[in-house]
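For reference, the structure is listed below as structure tokens.
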Amino acid sequence: MVLNKMQQIQQQKYVFGHFNADIKEQLLAEKTILCIDENVFQQHEQLFKDFYKIILPSGEAHKNQHTVHQIYNELIAFEADRSTLLVGIGGGVATDITGFVAATYMRGLRCGFIPTTLLAQVDASIGGKNGIDIGVYKNLVGTFLQPEFVFFDTHFLKTLPQQEWINGCAEMIKHACIQDEQLFALLQQHSLTDLQANEKLLLDIIQKNVFIKKRIIENDPFEKGERKLLNFGHTLGHAIENTYQLFHGQAVAIGMYFACQLSEHLSTFSTKETQQIQNLIRQYHLPHTYSYDIEKIFSILKMDKKRERNDIHFVLLERIGKAHTHKISINDLHDFLAQS
Ligand code: NAD
């Protein structure tokens, strides 16, 4: 059977190419509605002129029920039905909201993603998790829905602000720490400036990250085991991100450094390796510490989705490139937080 180009994209699922040349016509041939982050729309308006589209307000503050409700109303106005293909275009906020809307509107629409931030290309758009925030509780409400495809076009990154590049680096460091010492070494050898100047290197590093996450989520789509490792740095990270209005990457970097310290305490991880991770975090312009209010953060940590009664599942490192989850009591975590 000869597959048409859209079927080829769906079959490959993770596709690298150029929006205009490799996917635009296929999307126009479907009953497609684009959900586009407003900044991406402003910067790349010409690309999207022939489409039905919903413009999403940009930023984490809009990843909430109010925005979801507005999108539902626009879908009603467009007479969207179950054959509609909803395509989220933007960073992790746009892909998370689009995935959530696609999973819930009429009990499920088809969806695809075109991630336009480094963070969304190496992480957020892959894996089928979606969600919205409820107050300070990040991603408290959400579902699993695998997109039909994720289409990666690195040209979108040309308009990405510097801080957003830095955020994406945090997730690449995370992947290297939990799964891939060679990627860790590659990141050590280069800088963010190298990635921005060298298209081939950038593509290679993005592909390596996509492959790491794709492999993990294919083994464990519903986060019963291995997928939990992707939460490295995120337990503390999520708690401080919204409380202190930090960038996601900054919060994750601080969370990773804390997890390294906890790993030294409870696992086989060495001080030398913590130092290497601290250096890499700083090499990519990320912070590794923050003077947060321990009691305030602890009260949010207690609500973490990875909590089970009085224990919390924390991702720790055995060595660079190998991680495991460790059950730690809420009280012990409090004590360690207080002394770190
Ligand atoms: P984001 O979506 O807020 O995008 C960051 C900023 O970049 C926004 O202001 C956006 O308007 C702008 N932008 C996006 N693409 C651009 C482009 N090409 N040019 C210019 N500006 C552009 O943030 P993010 O860092 O991409 O994603 C963070 C979100 O992803 C968080 O909500 C986090 O919870 C979520 N996330 C989800 C998963 C998952 O598995 N579902 C994994 C990691 C993170």
Side-chain angles (χ1 to χ4, degrees), residues 19 35-45 47-48 55-64 67 88-100 102-103 111 113-134 136-147 150 152-175 196 206 209-210 212-214 216-217 220-223 227-235 237-242 245-253 255 286 305:
F19 182 84
C35 292
I36 316 171
D37 173 283
E38 63 178 339
N39 287 333
V40 177
F41 181 66
Q42 272 167 20
Q43 301 272 6
H44 304 273
E45 195 171 342
L47 291 179
F48 310 121
I55 308 302
L56 309 181
S58 133
E60 188 72 32
H62 296 284
K63 194 175 134 176
N64 57 25
T67 306
I89 306 183
V93 168
T95 54
D96 272 8
I97 293 183
T98 305
F100 183 71
C111 89
F113 296 143
I114 303 180
T116 63
T117 63
L118 181 60
L119 186 140
Q121 295 199 348
V122 299
D123 187 0
S125 66
I126 308 152
K129 265 199 209 175
N130 58 56
I132 54 170
D133 304 337
I134 306 292
V136 292
Y137 300 111
K138 274 194 54 96
N139 303 323
L140 192 67
V141 173
T143 77
F144 284 97
L145 174 73
Q146 289 298 337
V150 186
F152 303 88
D153 181 347
T154 51
H155 284 83
F156 283 111
L157 302 180
K158 296 212 181 305
T159 56
L160 195 64
Q162 180 72 357
Q163 183 57 51
E164 300 304 337
W165 279 90
I166 296 172
N167 286 336
C169 293
E171 303 292 355
M172 302 200 298
I173 294 172
K174 175 190 82 178
H175 285 151
Q196 289 166 327
I206 292 175
N209 278 277
V210 170
I212 290 173
K213 185 153 182 195
K214 169 183 174 299
I216 294 178
I217 60 115
D220 180 18
F222 298 109
E223 202 168 318
R227 187 169 181 167
K228 291 187 179 146
L229 303 181
L230 292 167
N231 291 318
F232 178 59
H234 283 61
T235 306
H238 278 165
I240 57 175
E241 179 175 349
N242 281 5
Q245 309 293 310
L246 293 170
F247 290 106
H248 185 69
Q250 293 177 323
V252 168
L286 287 156
K305 294 186 285 298

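If you read the sequence from its start, that first residue is 1, and numbering goes on from there. Start at 1 and go down the list; that is how both ligands and their atoms are numbered. Predicted, not measured: the structure shown is a model, and the values here were computed from it.
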inquiry  = If we set the cut-off at 4.0 Å for heavy atoms, which region of K63 has an atom near ligand 1: side chain, backbone, both, or neither?
reply    = side chain
Donor-acceptor pair, side chain of E38 and main chain of S58, under 3.5 angstrom = yes
inquiry  = Would D123 count as a polar contact of ligand 1, with the cut-off being nitrogen or oxygen pairs under 3.5 Å?
reply    = no
task = Before signing off on this row, confirm whether E171 and ligand 1 have an N or O atom pair separated by under 3.5 Å.
result = no
message = Minimum heavy-atom separation for Q121 and I206, please, with both atom names.
response = OE1-CD1, 3.4 Å
ask   = Rounded to the nearest 0.5 Å, what separation is found between the CG atom of L229 and the CD1 atom of I216?
value = 6.0 Å
key: Atoms in ligand 1 flagged as close to D37, the criterion being non-hydrogen separation under 4.0 Å   = 10 (C), 11 (O)
query = Angle class for the F48/F41 ring planes (parallel below 30°, perpendicular above 60°, tilted otherwise)?
reply = parallel
ask   = Looking just at side-chain N and O atoms, do E171 and H234 make a donor-acceptor pair shorter than 3.5 Å?
value = yes
request  = Consider every N or O of D96 and every N or O of ligand 1, then say whether any pair is closer than 3.5 Å.
outcome  = yes
task = May I ask you to check whether N39 has an N/O atom sitting below 3.5 Å from an N/O atom of ligand 1?
result = yes
request  = For P161 and ligand 1, answer yes if some heavy atom of the residue is under 4.0 Å from a ligand atom, otherwise no.
outcome  = yes
task = Starting at CG of L56, measure out to OG1 of T98 and round the result to the nearest 0.5 Å.
result = 5.5 Å
ask   = Of the listed options (A120, G128, A124, G92), which comes nearest to atom 36 (N) of ligand 1 when hydrogens are ignored and any heavy atom counts?
value = A124
Pair N209-H175, side-chain donor/acceptor within less than 3.5 Å = yes
Whether N167 lies under 4.0 Å from ligand 1, heavy atom = no
task = Heavy atoms only: give me the nearest G90-V40 pair and the separation to one decimal.
result = CA-CG2, 4.0 Å
request  = Taking all non-hydrogen atoms of both residues into account, name the closest pair between S125 and F113 and its distance.
outcome  = O-CD1, 3.4 Å
remark   = Honestly, for L119 the part within reach of ligand 1 (heavy atoms, under 4.0 Å) is side chain
request  = Please report the closest heavy-atom contact between L230 and K174, naming both atoms and the distance.
outcome  = O-NZ, 2.9 Å
task = Could you tell me whether A94 and ligand 1 have an N or O pair separated by under 3.5 Å?
result = no
key: Minimum non-hydrogen distance to atom 40 (O) of ligand 1, winning option of K213, H234, R227   = K213
message = Heavy-atom pairs closer than 4.0 Å: do any link ligand 1 to the side chain of N139, the backbone, both, or neither?
response = side chain
ask   = With only distance considered, is K129 within less than 3.5 Å of ligand 1 through an N or O on each side?
value = yes
key: Proximity winner for atom 7 (O) of ligand 1, if only heavy atoms of E60, Q43, E164, E241 are counted   = E164
key: Check: V93 N/O within less than 3.5 Å of ligand 1 N/O   = yes
inquiry  = Closer than 4.0 Å to some heavy atom of G91 - which atoms of ligand 1 meet that?
reply    = 2 (O), 26 (O)
request  = Specify whether F156 and H44 have parallel, tilted or perpendicular ring planes, treating 30° as the upper limit for parallel and 60° as the lower limit for perpendicular.
outcome  = perpendicular
